[in-house]
Amino acid sequence: MATETRPFNATSFNAYLTEDKRLMGVRCRACGMLSPEPRPLCRSCHSRDLEWHEFSGRGELSTFTCISIGPVYMVEQGFGRNNPYCSGIVTLEEGPRISARILGVDGNNPQNIRTGMDLVLALEEIDPEHPSLMFRPA
Amino acid sequence: MATETRPFNATSFNAYLTEDKRLMGVRCRACGMLSPEPRPLCRSCHSRDLEWHEFSGRGELSTFTCISIGPVYMVEQGFGRNNPYCSGIVTLEEGPRISARILGVDGNNPQNIRTGMDLVLALEEIDPEHPSLMFRPA
Amino acid sequence: MATTSSRRQLGRSVSIVGAGMSGFGAFADKDSRDLFVEAFQDLLDHLDQGMDIEDIECAYVGNYSSDLFEHQGHTAPIIADWLGMTPIPVTRIENACASSGSALREGIMAIASGMYDIVLVGGMEKMTNLPTEGVTDVLATAADALYEVPTGLTFPGIFGAIAKAHMDRYETNLDHLLKVAIKNHVNGSKNPKAQFNVTIRNLMERRVTRAEQRGQPVPDYNSEMDFLNDPGANPWIAWPLRLYDCAPITDGAACVLLVASDIAHNFTDKPVTIAGTGQASGRPLHDADELTSLSAARTAAARAYEMAGVTADDIQVAEVHDCFTIAEIVASEDLGFFEPGEGARALDEGRTALDGDKPINTSGGLKAKGHPVGASGVAQVAEIFHQLRGEAGERQVDNPDLEVGLTHNVGGTGGTCVVNILRKG
Amino acid sequence: MATTSSRRQLGRSVSIVGAGMSGFGAFADKDSRDLFVEAFQDLLDHLDQGMDIEDIECAYVGNYSSDLFEHQGHTAPIIADWLGMTPIPVTRIENACASSGSALREGIMAIASGMYDIVLVGGMEKMTNLPTEGVTDVLATAADALYEVPTGLTFPGIFGAIAKAHMDRYETNLDHLLKVAIKNHVNGSKNPKAQFNVTIRNLMERRVTRAEQRGQPVPDYNSEMDFLNDPGANPWIAWPLRLYDCAPITDGAACVLLVASDIAHNFTDKPVTIAGTGQASGRPLHDADELTSLSAARTAAARAYEMAGVTADDIQVAEVHDCFTIAEIVASEDLGFFEPGEGARALDEGRTALDGDKPINTSGGLKAKGHPVGASGVAQVAEIFHQLRGEAGERQVDNPDLEVGLTHNVGGTGGTCVVNILRKG
Ligand SMILES: [Zn+2]
Ligand SMILES: [Zn+2]
């Protein structure tokens, strides 16, 4: 694939996500380490022999928070004290974890949000101008 | 004077400058050190026995620059490549030096700006919202 | 390949001979240089045998982000000038909320290296000139700007996620979090320098009184817990964390004077020695080994214990980094004071209270004393210094054999952790 | 009162055994962590006997303001993670443009203290994602936000005022400033890692060719001086400084590997030893002793010379902080290479050229090599490391007895200065 020659960095990560609609990370050819963040050096065995690896985008919710006091850019999107949003940690089915927005849950009722639930990547929701990972209940 | 109880800091310095129209710094009662920047501890003898001291606002131009590429707030005031502004170092008649905008000189003709020339504080030009020292030829 | 010795020993011993703090709070008129001078003056005023400022050879300034808070970078030479110390070398150290914990280590190593005998280490932060959302944005820069921040995770948010994981895995519940706040405010009420020099019971009573005075509906609180469960008094910040689970936004500075131990008695008859120090780095929460623990804290503690030749059981008083209530519970486990998951029970049993067997955050902690982020690491050390010298006043730990104390300072959400162990004498 | 020994000696000797640099330039796709990894990979690729990354015990990251450039604070643990070094202690050092010069000193003292044997020290800055006015604003935070910045003084502006004072007092003129740029571009043209790997003559010829190709009026340049005096090619930035008087805006990183000298031969047969190091703080220009000199540079140099047991005459090659052309002239005087006011004449006489008796900025200096501010201090050390090992390629100083080199790294407008003296072997 032509895309596999992209450098291992955040620009490439975001381009895959927004243009190619794929969650692409890296795999170490030496030890098998997987990382959804494309890093140029294996943090397990320090090999520099890495390759792009596509993640399925399926995972489960490991923990989360519902945020009432957000940063300026979330406040500008209408979130706040009366409309908290949910962000959390997703364990991908391939093993690694990643931070993400969690859509399709009620930020005002965190007691109803269940850790362990299955999630899928909500690629269609990602804002190409401000890309970030978004998951929703599977 | 009631004003002499103000704490030695930039808030007081700016309040004196914009409200009282005075250039107030400090004097060390122990060693006589003068500083237009109101500091709470004498940097010469480390005494903490300082008092407010009014500077006359007269001085001379020690060195300067004419700036074509300014910071955003100067660009917003209309300065730039075709309209450079002059800033420099003023030696106050009491001895200490201080940084200041230099008004009333032609930023496009720095060769005509003479170091050593007499300057006076241009109190009337100081913007209370964004206070800074401004001098003009005496 | 390379020979790495396992020793972590200093070439020569280093002692603390003085400590100072500015007031902690919201000071509209004061810039960070003013706060630092105030802390230094407090140090000088309480230095047992005085000193000549000219003898200070080198200084370190812990600061998280004057860049973003005050649009002032390169703060070190400004502090030097304001203290009248130019031209000595002064360096700013930044490791987020562990900035001055790291600065202390640099001061220790500078003396141990043989380069200097007398080093000033301080830290400061001027935070209250930004609105809360602005502070939230600045603090978020301690997390990963590429892979964490864009997901909306804030600094309270990441600790909220840790709290949720801890509650899922262990017996920890929302009440435990609030108990940390209640305990630390009780301690803070005994600390005149604390931003919240007041108990939560006092705050509750004030709210009732104010409602009465204004003729508003008077809340019916039977206990602090009722008050803390009232969303009007204690709103959510990042579920499961509420306002009273969070350290406040604070302006403040702190500093300590370090000297080579062989000259410590020129300054005081009651020096405190650096027995051990450890620092470690960690990853974003999603890459942490555990979602219920900060691995950097465990590693830093292990190194500090090893160097000091003590174990967790030997620690008699500790200042831990309670930027959020859950962080104190996690810290008490990471430091080995209690088994993983047992921190909440220890709290229930009052073991970490001022009169418990493992008093934690006698100063009030970041929660009640305040958390000017770049100053917090050194302010913790100042508290242990005072405790070991028996000069902590109303909040003095009642233990005639008090000899060994510990500080635990966390940067961001565990990207950095610094643990220092101090010993009397 | 306190006994302060006058010795400035390290408890044990420290050597540099490897150095690496990323490319220096404008790299839209690369974040600062990518640049740092690139520099580290360069170091590994050129380490004579290789190494196990796991042996690195501690690291320092010099960085001026990822806070403002990338909205990323707390960079140290991110660098650790990206290098696969978590959980070793990693600390960010900030002293404006002297950040990594100061970081090197912390690395030196960390080893000399006995705490560590093997320490990585690097620096990086990612600057080109902001427009020029934005960069101007960020760099201005290195000056005093209360008493300098509000007067409109920029970073080039303050050095412009120094240049004017120097021209008033000495024989220095505008042409001398431009001669610094011409010399450093000649050196940079021999440095494949330089942002401007090209002479000013080449740039002049390109401009002529481009005008010809476009059918525009062809400039009539008889020499580089004609080109540099053309306001279209070389516009004023802060009179008397023009575009070619200023170091460029650069993305880049550099790093070196420090080890205790007694294990240096495990890494290379050609180590370079830290012979002396000095750092000093200074005041804003208006409070400087002289308007034509940086007092921090004089103090730092005096301390480094004393520690190394050498004088200015013993220095055979130097990298000095030419953030602006005038800064190189002032540096050559502050370091004692030439008497005050004689720097310009030395330049006229070619003494500081690659084939002069006092070659300065063989790398191309900040002017041609590029100036990613947080990386520059360590990049200077990397250049001297290569020169002393005789591996500087086309720009190698032609001196078979080359043994002693110096680096001079300035933060802001002299608020910080770090001078290091390196010795072969
Ligand atoms: Zn691997
Ligand atoms: Zn005095």
Side-chain angles (χ1 to χ4, degrees), chain C residues 1-5 8-11 31 51-52 55 57 64-65 67-68 70-74 76-78 80-81 86-96 102 106 109-110 112-115 117-118 141-142 144-146 259 263 266-267 279-283 295-296 299 411-412 415-416, chain D residues 1-5 8-11 31 51-52 55 57 64-65 67-68 70-74 76-78 80-81 86-96 102 106 109-110 112-115 117-118 141-142 144-146 259 263 266-267 279-283 295-296 299 411-412 415-416:
Chain C
M1 262 253 359
T3 70
T4 56
S5 63
R8 302 269 173 192
Q9 291 304 328
L10 298 174
D31 295 294
M51 79 170 305
D52 185 344
D55 288 341
E57 299 166 282
Y64 174 36
S65 200
D67 314 57
L68 292 165
E70 297 179 297
H71 222 69
Q72 178 69 69
H74 204 195
I78 293 175
D81 184 18
T86 312
I88 69 165
V90 185
T91 295
R92 172 188 169 205
I93 306 296
E94 187 269 312
N95 265 343
S102 287
E106 297 310 309
M109 291 192 283
S113 76
M115 282 282 278
D117 291 334
I118 304 176
T141 66
D144 189 318
L146 301 181
V259 305
I263 61 167
N266 294 349
F267 298 86
Q279 178 176 328
S281 54
R283 293 169 177 159
S295 64
T299 305
T416 300
Chain D
M1 260 256 358
T3 70
T4 56
S5 63
R8 301 269 173 193
Q9 291 303 329
L10 298 174
D31 296 295
M51 79 171 302
D52 185 342
D55 288 341
E57 298 168 283
Y64 174 36
S65 199
D67 314 57
L68 292 165
E70 296 179 296
H71 223 70
Q72 178 69 69
H74 204 197
I78 292 175
D81 184 17
T86 312
I88 69 164
V90 185
T91 295
R92 172 189 168 203
I93 308 294
E94 189 270 310
N95 265 343
S102 286
E106 298 311 308
M109 292 191 282
S113 76
M115 282 283 278
D117 291 333
I118 304 176
T141 67
D144 190 318
L146 300 181
V259 306
I263 59 166
N266 294 350
F267 298 86
Q279 178 176 327
S281 54
R283 293 169 177 159
S295 65
T299 305
T416 301

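Throughout, protein chains are lettered first and strands after them, A, B, ... in sequence-line order, and every chain is numbered starting at 1.
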Contacting moiety of L10(C), where chain D heavy atoms sit under 4.5 Å: both
Residue part contacting chain C, namely of A110(D), when any heavy atom lies under 4.5 Å: both
Portion of T86(C) that has a non-hydrogen atom of chain D nearer than 4.5 angstrom: both
Taking every non-hydrogen atom, the tightest pair across Q279(C) and T91(D): NE2-OG1, 2.9 Å
For chain D, the option from G11(C), S295(C), A96(C), G282(C) that forms the most heavy-atom pairs under 4.5 Å: A96(C)
Nearest non-hydrogen partners of R283(C) and D81(D), listed with the distance: NE-OD1, 3.4 Å
Minimum heavy-atom distance between P77(C) and G415(D), given as atom pair plus value: CB-O, 3.1 Å
Shortest non-hydrogen separation from V90(D) to N95(C) and the atoms involved: O-ND2, 3.2 Å
Selection from E70(D), R92(D), H71(D) maximising heavy-atom pairs under 4.5 Å formed with chain C: R92(D)
Greatest number of heavy atom pairs closer than 4.5 Å to chain D - which of S113(C), A296(C), P89(C), S102(C): S113(C)
Region of T299(D) in contact with chain C, defined by heavy-atom distances below 4.5 Å: side chain
G412(C) to H74(D) - nearest heavy-atom pair and separation: N-CE1, 3.9 Å
Proximal component of A80(C), with respect to chain D [non-hydrogen, under 4.5 Å]: side chain
I93(D) versus chain C, the contacting section by heavy-atom distance below 4.5 Å: both
Spacing of M115(C) atom CE and M109(D) atom CE [to the nearest 0.5 Å]: 5.5 Å
Side-chain (Q72(C)) to main-chain (T141(D)) donor-acceptor, under 3.5 angstrom: yes
Top contributor to chain D interface from G411(C), P87(C), A112(C) [non-hydrogen pairs under 4.5 Å]: P87(C)
Residue, of A76(C), G73(C), S281(C), A142(C), that accumulates the most heavy atom pairs under 4.5 Å with chain D: S281(C)
